Amino acid sequence: MDSQPNSPHVLIFPFPVQGHVSCMLKLAELLCISGVHVTFLNSDIIHRRLLRYNDVMSRFSRYSGFRFETISDGLPPDHPRSGNRVVDIFDSIKMVTKPMFRQMLLPGGCLNHMNNRPLVSSIIADGIMCFTIDVANELGIPIYLFRTVSASCFWAFYCIPKLIESGDLPIKEDDEMDRLLHGVTGMEKYLRLRDLPSFCRTSDLSDRAFQVVTSETQETYRANGLILNTFEDLEESALTQIRKHVPNLYAIGPLHGHLNSRLEAQMTSPPRSSNSLWEEDRTCMTWLDEQTPKSVIYVSFGSMTMLSRDELIEFWYGLVNSKKNFLWVVRPNSVAGDGQTIPAQLLEGTVERGYIVRWAPQEEVLAHPAVGGFLTHSGWNSTLESIVAAVPMICWPYYADQQVNSRLVGEVWKLGFDMKDICDRVVVEKVVKDLMDTKRDELARPVDRMMKLARRSVAVDGSSFNNLNRLIEDIKQINRSCNKTVTTHPCFV
Ligand code: UDX
């Protein structure tokens, strides 16, 4: 649908890493389909990689109301921007990017010049960049926050002050990591100290990453609303708790399924909407075509995980010894000590039954009939993609929300096994065999049920479908009142 000159204009501003940019671009496309003007603000470096490895420009050229803008993340080009250095990105954005962002939004700034487009009528910013609320408030622009993590993880972050008050945090040296916590309402029966977001694993409350996630989460209430990439049937309990503190909540996920569903309603063969920041190696699809149904375990630890060489070798032995066929994504520069000699047994085992790529078209891989299991780091996008594709998971969480997600997958939803904090070839071999053979039938029913619920949520009249429509209506309503009322919004200065 084409946007009209008087349609609302939403500025979307993600935190510049793969998992955030990718799902916020899906939201951008969903808004474009509904006739909303969207400006998507990327960091320079992310934007260059997005254009290099994708056809986003031709995909988005269908929407007359869409455009990209770019901004610096303030870091030098050779900074690794990996999971173990994520705090550098937070700090740099707050210090360097924030003043630029404000400048760009001022009248005459590149985000707010007329040029046949309405001025920005609302902002959807990544919820771990709450400085955007200060800028939006100063300029009188309504702002919604989008958190890319699960509702359950958001809720655990929200409860951190309570966990400090009860003495559960900071973690002490002799703490029993398997002890249940009582401070995260609704999760008392299964959330252990071990399952708290990785940033809580510190004995120092002034730890920078811990401080950032705690304070950013507490500020959410200052926004006009909170958008989450989840659905009511999956995380009803956490959503209910969050609503007590942030009443205007929109659960609109799984976003990739939602986008596919709305595109399919419009056209017979919608284009693939990959937002990869690495070049996808599509030869793995041909390799998958040669495998028998549900025979392959897909292995990927997402976009930020760093493995030690020992961990790589343990996984590798576990996979080869399981005698299952495997497709493994080993991202460039993701293994410390890369380039060292690999034992011949592993190389031979891989030639026989494995296929290794640097980056895969993951959504398509998971949807391939040959894939019967997913060994994952439990990133939230990967978890949702696996749910929609009805693929059971082995979870080996690395950081952030992944510790929470993996607990839910293993203990609550029963969609797989949580292998948290263990990286041992014997365990890997056993869990892979369990997932692919011994316990396959046990997992089949919950996996199938959740896939159906996910798909139902984004179909017409499903909960996420209705929540997205409500968000779009609210954005339009704000635009209408902005056009009527004299405010400090730049369009009236
Ligand atoms: C991290 C967090 O863990 C996540 O929960 C948070 O919401 C965003 O930041 P990341 O490590 O990137 O995310 O994992 P994930 O959220 O799973 O996102 C990875 C994305 O990359 C997925 O959409 C996946 O489909 C894609 N991917 C991964 C590929 O397209 N190809 C690959 O080879 C690997």
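Because only heavy atoms are used, hydrogens play no part in the values below, and waters and symmetry mates are left out as well, while side chains stay in. Read the numbers this way: they start at 1 and go in the same order the structure lists the ligands and their atoms. As the structure is a prediction and not an experimental result, all values here were calculated from the model.
The part of Glu385 lying near ligand 1 is the side chain, judged by heavy-atom distances below 4.0 Å. Counting heavy atoms under 4.0 Å from ligand 1, residue Tyr298 touches it through the side chain alone. Only the side chain of Val329 comes within 4.0 Å of ligand 1, judged by heavy-atom distances.
Between Glu385 and Lys26 there is no salt bridge, since no side-chain N of the basic residue sits under 4.0 Å from a carboxylate O of the acidic one. Salt bridge status for Arg208 with Asp91: present, with a side-chain N to carboxylate O gap under 4.0 Å. Residues Arg407 and Asp418 are not paired through a salt bridge, judged by the lack of any N-O separation under 4.0 Å between the basic side chain and the carboxylate. With respect to Arg49 and Glu279, no salt bridge is recorded, no charged nitrogen being found less than 4.0 Å from a carboxylate O.
Ranking protein heavy atoms by distance to atom 13 (O) of ligand 1, first place goes to Gly19 CA, 4.2 Å. For atom 19 (C) of ligand 1, the closest non-hydrogen atom of the protein is Ser382 OG, 4.2 Å. When hydrogens are left out, the protein atom nearest atom 30 (O) of ligand 1 is Ala360 O, 3.4 Å; that is the closest non-hydrogen contact. Closest protein heavy atom to atom 12 (O) of ligand 1: Ser303 OG, 2.4 Å. Annotation: atom 8 (C) of ligand 1 to nearest protein heavy atom, His20 CD2, 3.4 Å. Ranking the protein heavy atoms by distance from atom 3 (O) of ligand 1 puts Gln402 NE2, 2.4 Å first. At the top of the distance list for atom 5 (O) of ligand 1, counting protein heavy atoms only, stands Asp401 OD2, 2.5 Å. Of the protein's heavy atoms, Thr148 O, 2.8 Å lies nearest to atom 7 (O) of ligand 1.
With a 6.0 Å radius and a threshold of 12 heavy atoms from other residues, nucleotides or ligands, Arg358 has its CZ atom at or below the threshold.
Using a non-hydrogen distance threshold of 4.0 Å, His377 registers as a contact of ligand 1. Using a non-hydrogen distance threshold of 4.0 Å, Ser300 registers as a contact of ligand 1. Using a 4.0 Å heavy-atom cutoff, Val17 is absent from the residues neighbouring ligand 1.
In the model, Thr305 has no side-chain atom that pairs as donor or acceptor with a side-chain atom of Trp396 under 3.5 Å. For the 3.5 Å distance criterion, the side chains of Lys162 and Thr185 qualify, holding a donor opposite an acceptor.
Ring-centre distance between Phe60 and Phe40: not below the 6.0 Å cut-off. Ring centroids of Phe68 and Phe66 are separated by less than 6.0 Å, placing the two rings close together.
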Side chains of residues 256-263: which donor-acceptor partners sit under 3.5 Å, not counting sequence neighbours?
| residue | atom | partner | partner atom | Å |
| --- | --- | --- | --- | --- |
| His258 | ND1 | Ile252 | O | 2.9 |
| His258 | NE2 | Arg262 | NE | 3.2 |
| His258 | NE2 | Arg262 | NH2 | 3.4 |
| Asn260 | ND2 | His256 | O | 3.3 |
| Ser261 | OG | Val458 | O | 3.3 |
| Arg262 | NH1 | Asn469 | OD1 | 3.1 |
| Arg262 | NH2 | Phe465 | O | 3.1 |
| Arg262 | NH2 | Asn469 | OD1 | 3.1 |

Contacts under 3.5 angstrom, residues 283-290 side chains, donor-acceptor by atom type, not counting sequence neighbours:
| residue | atom | partner | partner atom | Å |
| --- | --- | --- | --- | --- |
| Thr283 | OG1 | Asp281 | OD1 | 2.5 |
| Thr283 | OG1 | Tyr355 | OH | 2.7 |
| Asp289 | OD1 | His368 | NE2 | 2.7 |

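Nearest-heavy-atom check against atom 21 (O) of ligand 1 across Tyr398, Trp278, Trp359 picks out Trp359.
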**Report entry** Asp88 and Arg81: CA distance, side-chain angles, deciding distance, salt bridge (Lys or Arg N to Asp or Glu O under 4.0 Å) verdict
**Finding:** CA-CA 8 Å; Asp88 297 354; Arg81 294 166 172 83; over 6 Å; no

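Those atoms of ligand 1 with a heavy atom of Ser276 less than 4.0 angstrom away are 30 (O). Set against the non-hydrogen atoms of Met304, the atoms of ligand 1 under 4.0 Å away are 11 (O). Heavy-atom proximity to Trp380, at under 4.0 Å, picks out these atoms of ligand 1: 4 (C), 5 (O), 7 (O), 16 (O).
At a 3.5 angstrom cut-off on N or O pairs, Gln362 counts as close to ligand 1. Considering backbone and side-chain atoms together, Asn381 places an N or O closer than 3.5 Å to an N or O of ligand 1.
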